[in-house]
Asks: 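The structure follows.
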Protein chains: 2
Amino acid sequence: MTLTNANDTPASLMIIDDHPLLRRGVIQLLELEDDLELVGETGDPEEGIALALKLEPDLVLLDLNMPGINGLEALRRLREANYSGRVVMFTVSDHEDDVVAALHNGADGYLLKDMEPEDMVRQLRQAALGRMVISESLTALLAEALRNQRNAPTTPDVHSLTQREREILQQLAGGLSNKLIARKLDITEGTVKVHVKHLLKKLNLRSRVEAAVWAVQAGIDH
Amino acid sequence: MTLTNANDTPASLMIIDDHPLLRRGVIQLLELEDDLELVGETGDPEEGIALALKLEPDLVLLDLNMPGINGLEALRRLREANYSGRVVMFTVSDHEDDVVAALHNGADGYLLKDMEPEDMVRQLRQAALGRMVISESLTALLAEALRNQRNAPTTPDVHSLTQREREILQQLAGGLSNKLIARKLDITEGTVKVHVKHLLKKLNLRSRVEAAVWAVQAGIDH
DNA sequence: CGAGGGCTATTACTTAAGGGATAGCCAGCC
DNA sequence: GGCTGGCTATCCCTTAAGTAATAGCCCTCG
């Protein structure tokens with residue numbers, strides 16, 4: 001669909017980050033590169049999502065820690081709305097859970113804010129070309145996370161779920177029974193069972209307990 | 001059958017309060033709501049406990065200040081008898097001690113009698129769905145109580161569990177069924193069930209899913 | 001327009017989970 | 001020695017969970 005050859009048209013980028021100074025820094029950095037063009041910037045996650053869907057940039061640089069909607073939620077919302085460009089998380093957090101959750105939720109990269117500007121540009125260029133980029137300092141951590149995944153042959157993926165199935169999963173992860181979920185969502189228990197069956201199959205899980213645990217660990221709940 | 005509410009089983013409620021007039025008021029209020037059904041009412045605490053255990057309503061509305069057994073004692077007796085539905089305290093007392101004591105003893109809500117009928121219905125509906133409800137005027141008081149919290153006996157605590165129960169909980173939080181846990185620990189499935197039953201009671205939880213979620217969030221797993 | 005997907009619902013069935021009760025065995029403790 | 005608590009086990013019973021198949025309704029996409 002979009003360019004794989006950067007010399008003709010520059011790759012379009014967007015940044016969503018609630019720190020104005022940091023945004024300014026990135027803007028300045030990108031101005032020096034004629035193959036990377038910043039087409040949008042905002043500090044408001046909601047606005048950022050709308051903007052990304054409107055501008056359809058090749059790449060969205062997304063802060064993980066923001067007031068209101070956090071980055072993870074924003075990422076989910078973007079994917080839900082079928083935004084098909086690259087999303088690279090941009091954060092100070094090097095916690096394993098955050099990295100893993102981001103990648104599980106469809107992030108195409110995870111860059112730390114303390115990286116060198118030259119590295120940053122290089123990584124963004126790679127990301128715009130479709131390559132997954134991860135800050136080098138996270139590789140050890142990532143390896144650890146992968147090792148802990150030995151029980152999951154096929155990594156479950158939220159994206160395969162429908163909106164309704166995600167809703168059911170969230171309620172389920174809150175410990176609710178089918179009956180209570182049914183009452184809460186105003187549908188019958190039988191229908192809840194159908195949704196649960198479907199989501200278990202899609203996620204390749206064998207029980208609601210596995211689903212609940214996975215949802216909590218991946219940050220799908222709340 | 002209506003299209004807006006396809007779930008035709010209303011939540012069942014019971015009221016235990018020694019003021020006949022007030023009961024009458026609640027009864028009238030609930031008659032107007034087709035998703036809330038009053039299945040029992042009494043002014044006698046003893047009778048109320050027996051009735052609750054017999055009818056097993058989804059929710060018991062329990063007066064705090066009653067002659068004979070007071071509401072707090074009634075609450076304890078209900079939980080002791082393994083009544084698993086919701087219990088919402090219903091009272092004129094806004095004393096911090098009463099509120100805290102009720103919540104510590106497993107109440108799922110605390111509503112003041114001076115609330116507006118519309119609010120009442122809304123809150124009861126929420127409570128029947130499994131959400132904790134507290135009169136809005138109590139929130140400040142509650143925040144204070146939380147800050148002053150020194151010892152919370154009903155706060156789920158791993159240390160109240162025996163070594164074996166902790167082991168079972170860990171396996172459970174891994175998504176394993178009773179049968180698999182049994183095989184892994186080389187005991188019978190029946191024994192696993194006994195342990196699960198005990199740990200659920202100790203942690204004041206209602207299902208293995210709640211236990212699993214709690215364990216994961218508290219970091220008890222692996 | 002027809003096809004497909006998503007959401008809803010229903011019937012029928014099997015298996016898992018949970019509660020109550022009781023009991024044997026073994027350790028540590030007063 | 002008796003008592004208690006922890007671990008094991010079993011029987012019985014009810015409810016919850018999960019599977020399978022079928023189907024209607026609505027929306028979207030080609």
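In what follows, every chain begins at residue 1, and chains take the letters A, B, ... in the order their sequences are listed.
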Asks: Nearest 0.5 Å please: distance from the CD atom of E37(B) over to the CG atom of D58(B).
Replies: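 That separation rounds to 10.0 Å.
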
Asks: Output the rounded distance in Å from CG (N204(B)) to P (dG19(C)).
Replies: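 Interatomic distance, CG of N204(B) to P of dG19(C): 12 Å.
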
Asks: Toward the 5' end of DNA chain D, which comes first, G190(B) or L176(A), by nearest nucleotide?
Replies: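 The residue whose closest nucleotide sits nearer the 5' end is G190(B).
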
Asks: Starting from P on dA21(C), measure out to NZ on K193(B) and report it in whole angstrom.
Replies: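 Rounded to whole Å, this separation is 17 Å.
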
Asks: Can you tell me if the side-chain N/O atoms of H195(B) get under 4.0 Å from OP1 or OP2 in dC7(D)?
Replies: no

Asks: Given atom CD of E189(A) and atom P of dG18(D), what is their separation to the nearest angstrom?
Replies: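 Nearest whole value for this atom pair: 11 Å.
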
Asks: Could you tell me whether the phosphate oxygens of dA9(C), OP1 or OP2, come under 4.0 Å of any side-chain nitrogen or oxygen in T191(A)?
Replies: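 For dA9(C), OP1 or OP2 has a side-chain N or O of T191(A) closer than 4.0 Å.
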
Asks: For I168(B) and for V209(B), locate the closest nucleotide of DNA chain D by heavy-atom distance; then report the residue assigned to the nucleotide nearer the 5' terminus.
Replies: I168(B)

Asks: How many Å lie between CZ on R208(A) and C1' on dA17(C), as a whole number?
Replies: 11 Å

Asks: Does dA17(D) have its OP1 or OP2 closer than 4.0 Å to a side-chain nitrogen or oxygen of N178(A)?
Replies: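 For dA17(D), OP1/OP2 do have a side-chain N/O of N178(A) under 4.0 Å.
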
Asks: Within this structure, what is the CG-CE distance for the pair L51(A) and M14(A), rounded to the nearest 0.5 Å?
Replies: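 The distance works out to 4.5 Å.
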
Asks: If the threshold is 4.0 Å, N to carboxylate O, is there a salt bridge linking E41(B) and R24(B)?
Replies: no

Asks: What is the distance, to the nearest angstrom, from the CD atom on E56(B) to the C1' atom on dG18(C)?
Replies: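 E56(B) atom CD is separated from dG18(C) atom C1' by 12 Å.
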
Asks: Ignoring backbone atoms, test whether T162(A) places a side-chain nitrogen or oxygen under 4.0 Å from the OP1 or OP2 oxygen of dC7(C).
Replies: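 It does, given that an N or O in the side chain of T162(A) lies less than 4.0 Å from OP1 or OP2 of dC7(C).
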
Asks: Check every atom of dT8(D), dT10(C), dA17(D) against the side chain of V194(B) and return the nucleotide holding the closest atom.
Replies: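 Nearest to the side chain of V194(B) among the choices is dT8(D).
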
Asks: Less than 4.5 Å apart, side chain to side chain, heavy atoms only: is that true for Y83(B) and I49(B)?
Replies: no

Asks: Check the distance between dG5(D)'s C1' and L199(B)'s CG and give it to me in whole angstrom.
Replies: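 Nearest whole value for this atom pair: 17 Å.
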
Asks: For V196(B), which contact category applies under a 4.0 Å heavy-atom criterion: base, sugar-phosphate, or nothing?
Replies: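 Sugar-phosphate: the residue V196(B), judged by heavy atoms under 4.0 Å, touches backbone atoms but no base.
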
Asks: Is atom CZ of R76(B) surrounded by more than 12 heavy atoms (other residues, nucleotides or ligands) closer than 6.0 Å?
Replies: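 Counting other residues, nucleotides and ligands, CZ of R76(B) exceeds 12 neighbours.
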
Asks: If you check the T188(B) side chain, which of dT8(C), dA16(C), dA9(D) turns out closest?
Replies: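 Nearest to the side-chain atoms of T188(B), counting from C-beta on, is dA9(D).
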
Asks: Can you find a donor-acceptor N/O pair under 3.5 angstrom joining the side chain of K197(A) to the base of dA20(D)?
Replies: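 Answer is yes: a donor-acceptor pair is held.
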
Asks: Starting from P on dA17(D), measure out to CG on L200(A) and report it in whole angstrom.
Replies: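 It is 12 Å, rounded to the nearest whole Å.
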
Asks: If I take atom CG in residue L161(A) and atom P in nucleotide dG6(C), what distance separates them, rounded to the nearest angstrom?
Replies: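 Interatomic distance, CG of L161(A) to P of dG6(C): 11 Å.
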
